[in-house]
Every structure is written in C-alpha cells, then in structure tokens.
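Position 1 is the first residue of the sequence, and the numbers go up from there. Excluded from the calculations below are hydrogen atoms, water molecules and symmetry mates; all remaining heavy atoms, backbone and side chain alike, are included.
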Amino acid sequence: MKLLFAALVFASSAFADTPAQIAADYHNKAAAALQKVNDTLEKATVPLIADLVKAGDTDGADILRAQMKAKVAGEPVLKPQASAKDLFKSYDAARVKALEPAMRAAIARIDAILASSDGKKLDVVTQLGKVRAEIEAGKPAMIPAPTALFKEWTYHMNATTEHVSGRIIFEKGGILKLDFSNDQSSGTWKKAQEPDTYETNVRGEKGLLKITGQTAEWKRDVGVRYLKAKDGSPRL
C-alpha cells in the first residue's frame, strides 16, 4: 500500500503543470494559429509597399515593411502608414480571433494552478502573473531576454568627444529616427546575426551598429560614428 501511494505521489508530481510548460505550449499553439493570419497580412501588404516604391517613397516603403513585421510580432503600431490603416485594423481583429482558443486554454491552466497548493508559492504565482500578462496582451507567452538596444542615444563624430551632434531614437517595430538640427529623417533597424549588432537603413544607406554596454560604433558610408546611450533611457 505504501509503495502504491508513493508511486501515485511521484506520478502526480511528474505530471504537475508549471508556468514554463503553459508558456511553451501557448507559444507553440499561438504560432500555429497565427501562421495563416500572418501570411495573409504579408501578401496584402506587399502590393502597398510596391505602390510606395513606384511612387518614389522609399522611406514610406521601409516604414510600412517595418510596421508589418511589428504587427506579426504582436508589437503595437501607433501611427500606421496611411495606406495600411484599414488592413492593420482587419488584421488585429483576425489575430485576436485566431489566438482565442489558445488563450482560453492557457488561462484555464493558470487558474487551475492558482487553485492548487502551488498557487500558494510566491515564485510560482509571480511567474504565472508574467505568463498571463503576455497571453492577455496577445503575444506569445515568453519572458524575453534583455536586449542591448537602448531607445535613445546621443550621436558623436568620434569616440572621445563630448559634443553631441544629434540624437538617434530606436523604436519598437524596427523604426529608427534621426534628430539633428538639419536632419529630421527616419529609417529602419533590425537585429543582425552577430550578438548585440543591428543593421540599419537610412534613406537607402545601409549601416551596421555594434553595441558594447552603453556605447556603440555605427559604421556608415560617411565613416564610423559613435553613440552613447542617454541616461535613463529604457532598453527595447
């Protein structure tokens, strides 16, 4: 009888649900559910990007491409490119509908753990809170690793000067903004394969940004420029 009880306890603990399992399962189910929705968005966005390129608006085309990628990643796009407003609105509704079954199942599992003895453990409850917040935000339930990319940087002509020539602002969704007295343009950024490295594109000029702590080297056609993270600037 004791052996049977011990076996039952072991089996119960072996199959106990965890926040990490819920997050992983939801991520897999969400990715599968969104595949068709995301493919449809891309197919519908490509002609809009092509129209912008035909009109000579390459900056607008780059921004729309970055906004499409942000939508696919579940990131907010606060100012959609004009031609994509209705498309993005339809996508948002389709995304919510596609994720609903996976969200409902994951939240039911979270509630079940909270009602169990594990629901009295601080670390478990904390992790469940993080997972639920991600699920309810409509994103895959993962706790992201910190990125090296700060939101706002000062721009310097060389590595030692304290003179600030301008500001560089990185935004979620791959949007990059230049803030200089004679240049208020925008471009795009994306993660490169090498760690802490980002590819940039400003008006067709491609660059490579390598970050070391709170400083960065930005290799551009005009030469190497240097960035310093602004004090208090959040990471993306």
Side-chain angles (χ1 to χ4, degrees), residues 41-42 44-89 91-92 144 146-192 194 196-236:
L41 175 67
E42 182 173 346
T45 307
V46 168
L48 301 181
I49 296 173
D51 288 342
L52 291 170
V53 173
K54 288 178 184 177
D57 187 2
T58 54
D59 284 348
D62 287 341
I63 289 172
L64 180 52
R65 188 181 300 107
Q67 289 181 344
M68 179 194 70
K69 292 180 179 180
K71 281 291 184 183
V72 168
E75 300 291 348
V77 174
L78 300 181
K79 295 181 179 180
Q81 207 276 342
S83 63
K85 284 184 178 179
D86 291 339
L87 174 61
F88 285 172
K89 186 176 180 180
Y91 170 80
D92 288 342
T147 175
L149 189 59
F150 288 90
K151 178 179 175 65
E152 188 171 344
W153 304 73
T154 54
Y155 184 96
H156 305 265
M157 299 300 290
N158 60 64
T160 58
T161 182
E162 292 297 324
H163 176 72
V164 176
S165 300
R167 293 189 310 154
I168 305 296
I169 301 170
F170 293 87
E171 297 185 349
K172 290 183 178 180
I175 297 174
L176 165 65
K177 292 184 177 179
L178 278 65
D179 183 9
F180 296 85
S181 59
N182 62 345
D183 189 356
Q184 302 287 321
S185 57
S186 61
T188 62
W189 65 268
K190 65 179 181 179
K191 187 76 175 65
E194 187 179 348
D196 298 342
T197 305
Y198 299 82
E199 298 175 5
T200 62
N201 189 321
V202 179
R203 298 188 301 275
E205 178 202 330
K206 295 182 179 180
L208 193 65
L209 187 74
K210 175 65 177 177
I211 297 174
T212 305
Q214 292 185 301
T215 62
E217 289 188 0
W218 191 10
K219 294 181 180 179
R220 305 183 62 189
D221 289 348
V222 294
V224 179
R225 297 295 184 261
Y226 300 86
L227 306 184
K228 296 179 181 179
K230 185 177 179 180
D231 290 343
S233 177
R235 293 178 187 266
L236 294 183

Hey, could you give me the [atom1]/[atom2] distance between [X] and [Y], rounded to the nearest 0.5 Å?
{"X": "Asp51", "Y": "Asp57", "atom1": "CG", "atom2": "CG", "answer": "11.0 Å"}
{"X": "Lys69", "Y": "Ile175", "atom1": "NZ", "atom2": "CD1", "answer": "12.5 Å"}
{"X": "Tyr198", "Y": "Leu176", "atom1": "OH", "atom2": "CG", "answer": "13.0 Å"}
{"X": "Leu149", "Y": "Lys172", "atom1": "CG", "atom2": "NZ", "answer": "11.0 Å"}
{"X": "Lys177", "Y": "Ile168", "atom1": "NZ", "atom2": "CD1", "answer": "12.5 Å"}
{"X": "Ile49", "Y": "Ile63", "atom1": "CD1", "atom2": "CD1", "answer": "11.5 Å"}

Side chain to side chain donor-acceptor pair (under 3.5 Å) partners for Ser186, two or more places apart: none

Output all residues satisfying side chain to side chain donor-acceptor pair (under 3.5 Å) with Gln214, sequence neighbours left out; order by chain, then residue number. none

Which atoms form the tightest heavy-atom contact between [X] and [Y], and what is the distance?
{"X": "Val77", "Y": "Ala70", "answer": "CG2-CB, 3.9 Å"}
{"X": "Leu64", "Y": "Ser83", "answer": "CD2-OG, 4.2 Å"}
{"X": "Ala66", "Y": "Gly174", "answer": "CB-O, 3.9 Å"}
{"X": "Phe170", "Y": "Phe150", "answer": "CD1-O, 3.9 Å"}
{"X": "Glu171", "Y": "Trp189", "answer": "O-NE1, 2.9 Å"}
{"X": "Tyr226", "Y": "Ala159", "answer": "CD1-N, 3.4 Å"}

Please collect all salt bridge (charged side-chain N to carboxylate O under 4.0 Å, His left out) contacts where either partner lies in residues 149-160, sequence neighbours excluded, each pair once. Glu152-Arg167, Glu152-Lys230

Using modelled atom types only, decide if a donor and an acceptor are shared between the side chain of [X] and the backbone of [Y] within a distance under 3.5 Å.
{"X": "Gln67", "Y": "Lys79", "value": "yes"}
{"X": "His163", "Y": "His156", "value": "no"}
{"X": "Lys191", "Y": "Glu194", "value": "yes"}
{"X": "Glu205", "Y": "Asn201", "value": "no"}

For Asn158, does the CG atom have more than 12 heavy-atom neighbours from other residues, nucleotides or ligands under 6.0 Å away? yes

Partner residues of [X] under the side-chain contact (heavy atoms from CB on, under 4.5 Å) criterion, sequence neighbours left out:
{"X": "Val72", "answer": "Asn38, Leu41"}
{"X": "Glu162", "answer": "Lys228"}
{"X": "Ala216", "answer": "Trp153, Leu209, Ile211, Leu227"}

Ion pair present between Asp92 and Lys71, side-chain N to carboxylate O less than 4.0 angstrom? yes

Glu199/Lys190 salt bridge by N-O under 4.0 Å criterion: yes

Start with the C-alpha gap between Asp179 and Gln184, add the side-chain angles, then the distance that decides, and say whether side chain to side chain contact (heavy atoms under 4.5 Å, CB included) holds. CA-CA 5 Å; Asp179 183 9; Gln184 302 287 321; 2.9 Å; yes

Between Ser185 and Arg203, is there a side-chain donor-acceptor contact under 3.5 Å, judged purely by atom types and distance? yes

Evaluate salt bridge (Lys or Arg N to Asp or Glu O under 4.0 Å) for Lys89 paired with Asp86, printing each intermediate quantity in order. CA-CA 5 Å; Lys89 186 176 180 180; Asp86 291 339; over 6 Å; no

